[in-house]
Amino acid sequence: MIQTLKQSIQEAFKDLFDHSLSLDEVKIENTNPSFEGSFTFVVFPFLRVTKKKPEESGELIGAFVHAKMNEIASFNVVKGFLNFSLTQEYWLSYLGELNQLERLGNKVREPKKIMVEYSSPNTNKPLHLGHVRNNLLGYSISQILSYYGHEVIKANLINDRGIHICKSMLAYQMFANGETPESGNIKGDHLVGKYYVAFDKAYKEEQAQLIESGLTEDEAKNQSKLMADAREMLTKWEQGDKGIMVLWNQLNNWVYDGFDISYARMGVDFDVYYKESQTYLLGKSMVLEGLEQGVFFKKDDGSIWVDLTDDGLDQKLLLRADGTSVYMTQDIGTADLKYNDYHMDQSVYIVGNEQDYHFKVLKLVLQKLQKPYADGVHHMSYGMVELPTGKLKTREGKVVDADDLMEEMHATAKERTIEQGKADGLSTDALNELYETLGLGALKYFLLKVDPSKRILFNPADSIDFQGNTGTFIQYTYARCSSILRNAEHEVTMPGSVKLETSEIDLIAHFFKFDNVLEEAANHMSPALIAQYLYDTAKNYNSFYNQCSILKAETDSLVKMRLVLTRITARMIETCGRLLGMKMPDRM
RNA sequence: GGUUCCAUAGCUCAACUGGAUAGAGCAACUGCCUUCUAAGCAGUAGGUUCCAGGUUCGAGUCCUGGUGGGAUCACCA
């Protein structure tokens, strides 16, 4: 349809102005809602070609296209904007097509194999709100890419080694008295996180004492026994010390058990797990290889660096003087391992924008090593979640815990449902499922509707809304559609000719935009575009619902057509909701 | 200080990548349940798009320079 319109305009230029335009030059936009019409062609850029005033040019082109295409009911020109309205017949036949579709939305023409790495937690503490945004973004982006037709591998890279892990291990040895998740009746990741915080507390006390005894801050840091112990533990770990390995495995397994529960509740999953402990050695060897090839250089103390000053960056450390690896080292190794496993076209990292620099370096390093996958490395950078007091910091207890948050959302959903008197007639199990669907739906929509690149300010004092532009509103609309479809006695098939109201045309025209939205969302990896579209879908439907009677419409044909509208709305909401990882309730 | 991202209604966010009179939600106010789910709908009010220039038919969007904020520039991960 858009294609035909473009061709007609192309012909109009040929005929009227003897000028050939490529189809790419002809841009069709959606008409601004405050004007009449559905599609708009802006003539301003072509005034040099038409050599006429904007209005006159618009009229000429409009008349030409109108005569040529019988889908076009009318056109109007406002200043340099040529607006086309389509006929009722066209919209009806389009609705009929939609009703036949197995699946809503076009697929990508050239599918790619894409790995999406997300979550990537550290095993020294439980997940917090920041991870929740990461998990939801990663999962949703995977869903969108996959639905659009790409082959997607969801990967989770677990940071299971390093000094931070040793800190919680050390504190566990010192303070835990052998506490286990069972004995303490505490989720494994929370148990380990507790000792990570305990380490920080003990460390701060130690520092305060040292400073009190007359040392400067720097001296105090250097003389810290706790930090020295942690470093020693890291060295022992790298040497494979038996006792350390046992402790390490035990704590990590507790954390994994905890994560599994949180992931399951969030509704996210992974196709493959990588662990830093399995990739850092590979990274080291790649760095040494690069050194041999002369891509990197060695400083006098034996540390290995890459010089990126020609690329506008600084020199960057790749391997410490003592030969131990840094963050970059393991990421180089992981990139290689991933590619050897899957040979994907693109490798997407869902990681916060605080690491923009890191990923710039990583990509450059891989390019310098002439890895075939280097160009496919893409950092999907997103904004941090912050509290009114600033960044989330587990060590300082300034954190919104993921499990607590999900539990609160569930509780609030329960409260609201009971308040509304909608909890009657459902079993306890069904109600619990509903609260979970509503609570998590509100949370997911809240985090995903925001442009990923922007940071989110989360104020724990004001709870996440259940009214207005919220997940609940979307779910409510879905439940409303379901209810109507349940009560319908007619078949949901397209009738013959019926007259469409404005609100009905608006809704159909809105469906028309979905292909475009899906493509944009996939190309930009932006669930926010889907969320926005979902909201508009619900908004349009509710407006229609309030203006038009569906089951009691004047004629059977009207009832059928409106049921089709309802069914497609429900499918659209369900489809888009799935792309965001949101479940839809049949009733609420 | 270098690099980089951001600044839109009281608050939280949009604006189809340069298009028409900058739109939603929350909060405030006014209507609408004997009728398919009122967690809804319709409406009122709320704006010098941080400031100053520039580019052009046209700028919240692009360029330059300010102001304010975030991130990063570690032998931390």
Side-chain angles (χ1 to χ4, degrees), chain A residues 27 29-35 40 42 44-45 47-48 54 78-81 83 120 122 124 159 161-165 276 299 301-305 312-314 316-322 324-328 330-331 352-358 360-361 381 383-384 386 390-391 413 416-417 419-420 422 438 442 446 449-451 453-459 462 465-470 472-477 479-488 513 516-517 520 524 528-529 532 535-536 538-539 542-553 559 562-563 566 587-588:
Chain A
K27 290 202 172 120
E29 300 171 26
N30 294 315
T31 302
N32 183 309
S34 44
F35 295 88
T40 295
V42 186
F44 282 120
L47 295 182
R48 238 171 262 148
V78 182
K79 291 192 246 173
F81 299 90
N83 304 320
S120 307
N122 294 322
N124 61 335
N159 289 290
R161 60 165 287 276
I163 190 78
H164 54 301
I165 311 288
E276 190 191 342
K299 287 196 175 174
D301 62 4
S303 56
I304 298 176
W305 297 70
L313 304 176
D314 300 321
K316 186 82 188 171
L317 176 81
L318 298 178
L319 209 56
R320 291 191 187 102
D322 63 7
T324 57
S325 66
V326 290
Y327 185 35
M328 188 61 71
Q330 60 105 351
D331 262 6
N353 61 13
E354 57 186 358
Q355 292 186 32
D356 286 356
Y357 185 79
H358 172 81
K360 238 185 240 178
V361 173
S381 165
M384 302 276 96
E386 289 177 24
K391 271 184 81 168
R416 296 301 308 266
T417 305
E419 240 171 63
Q420 304 249 350
K422 296 194 173 183
L438 295 181
F446 175 82
K449 74 170 176 180
V450 183
D451 184 324
S453 66
K454 294 195 173 175
R455 63 194 173 120
I456 293 184
L457 227 94
F458 179 81
N459 189 348
D462 355 310
D465 275 331
F466 283 74
Q467 256 159 14
N469 187 355
T470 63
T472 315
F473 172 69
I474 314 286
Q475 291 171 322
Y476 176 75
T477 308
R480 177 178 257 177
C481 291
S482 299
S483 167
I484 291 170
L485 294 169
R486 263 199 308 276
N487 294 331
K513 296 177 192 166
N516 197 25
V517 171
E520 292 279 309
H524 291 81
L529 296 176
Q532 185 67 36
Y535 178 66
D536 290 337
K539 196 84 187 143
N542 283 321
S543 186
F544 151 73
Y545 172 90
N546 272 272
Q547 279 170 49
C548 304
S549 188
I550 297 166
L551 296 176
K552 290 174 187 158
V559 173
R562 288 175 181 171
L563 280 172
T566 301
R587 57 188 82 208
M588 63 187 273

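Letters go in sequence order (proteins before strands), and every chain restarts at 1. Keep in mind that this is a model prediction, so the values were computed, not measured.
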Counting any heavy atom closer than 4.0 Å, what does A:Gln330 reach on the DNA or RNA strands: base, sugar-phosphate only, or nothing?
nothing

With the side chain of A:Ala479 defined as its heavy atoms from C-beta on, choose the nearest nucleotide among B:rU37, B:rA42, B:rA77.
B:rU37

Would you say the side chain of A:Thr40 and the base of B:rA20 hold a donor-acceptor pair, judged only by whether the two atoms sit under 3.5 Å apart?
yes

Answer with base, sugar-phosphate or nothing: what part of the nucleic acid does A:Met588 contact at a heavy-atom distance below 4.0 Å?
base

Does B:rC33 adopt a syn or an anti glycosidic conformation, taking syn as a chi angle within 90° of 0?
syn

Base, sugar-phosphate alone, or nothing: which one does A:Tyr327 contact when heavy atoms must sit under 4.0 Å apart?
base

Can you find an N or O donor on one side and an acceptor on the other, under 3.5 Å apart, linking the side chain of A:Asp465 with the base of B:rA27?
no

If you measure from the ring centre of A:Phe35 to the centre of the six-membered ring in the base of B:rA20, is it under 5.5 Å, with the planes under 30° apart?
yes

Cut-off 3.5 Å, side chains only: do A:Asn353 and A:Ser453 have a donor facing an acceptor?
no

Measuring only the C1' atom in each nucleotide, how far is B:rG43 from B:rA59? A whole number of Å is fine.
32 Å

What does A:Phe81 touch in the nucleic acid at a heavy-atom separation under 4.0 angstrom: a base, only the sugar-phosphate, or nothing?
base

Could you tell me whether the phosphate oxygens of B:rC36, OP1 or OP2, come under 4.0 Å of any side-chain nitrogen or oxygen in A:Arg562?
no

Between A:Phe35 and A:Phe81, ring centroids under 6.0 Å
no

Reading nucleotides 5-14 of chain B from 5' to 3' and marking B where a protein heavy atom lies under 4.0 Å of the base, S where only the sugar-phosphate is that close, and - otherwise, the string is --S-----SS

Give me the distance, rounded to whole Å, that separates B:rC41 from B:rG25 when you measure between the P atoms they each carry.
8 Å

Between the base of B:rG19 and the ring of A:Phe44 - centre-to-centre under 5.5 Å, planes within under 30° - is that a stack?
yes

Check the distance between B:rA15's P and A:Glu520's CD and give it to me in whole angstrom.
11 Å

Working for side-chain contact (heavy atoms from CB on, under 4.5 Å), residues A:Asn32 and A:Thr40
CA-CA 8 Å; A:Asn32 183 309; A:Thr40 295; over 6 Å; no

Are A:Asp465 and A:Thr470 close enough that a side-chain donor and a side-chain acceptor fall under 3.5 Å?
no

Determine the interatomic distance between P on B:rA15 and the same-named atom on B:rC62; round to the nearest Å.
13 Å

To the nearest angstrom, how far is A:Tyr545 atom OH from B:rC36 atom C1'?
5 Å

Does A:Asn30 or A:Asn83 map to a spot on RNA chain B nearer the 5' end, using the closest nucleotide for each?
A:Asn30

Over how many whole Å does the gap from A:Lys552 atom NZ to B:rU34 atom P extend?
13 Å

Rounded to the nearest angstrom, tell me the gap between atom CG in A:Asp536 and atom C1' in B:rG23.
10 Å

side-chain N/O A:Lys79 vs B:rG19 OP1/OP2, d < 4.0 Å:
no

What nucleotide, of B:rG19, B:rA77, B:rC41, holds the atom closest to the side chain of A:Gln355?
B:rA77

With sugar-phosphate meaning primed atoms plus P, OP1 and OP2, does A:Asn542 contact a base, only sugar-phosphate, or nothing at under 4.0 Å between heavy atoms?
sugar-phosphate

Answer yes or no: does a side-chain N or O of A:Lys27 lie under 4.0 Å from OP1 or OP2 of B:rG19?
no

B:rG18 and B:rU61, which share atom name P, separated by this distance in whole Å
11 Å

Under 3.5 Å, is there a donor-acceptor pair between the A:Tyr327 and A:Gln355 side chains?
yes

I'd like the C1' distance from B:rU35 over to B:rG58, given in whole Å.
50 Å

A:Phe466 ring over B:rA39 six-membered base ring, under 5.5 Å and 30°:
no

Less than 3.5 Å between a donor and an acceptor, one on the side chain of A:Thr417 and one on the base of B:rA39, is that the case here?
yes

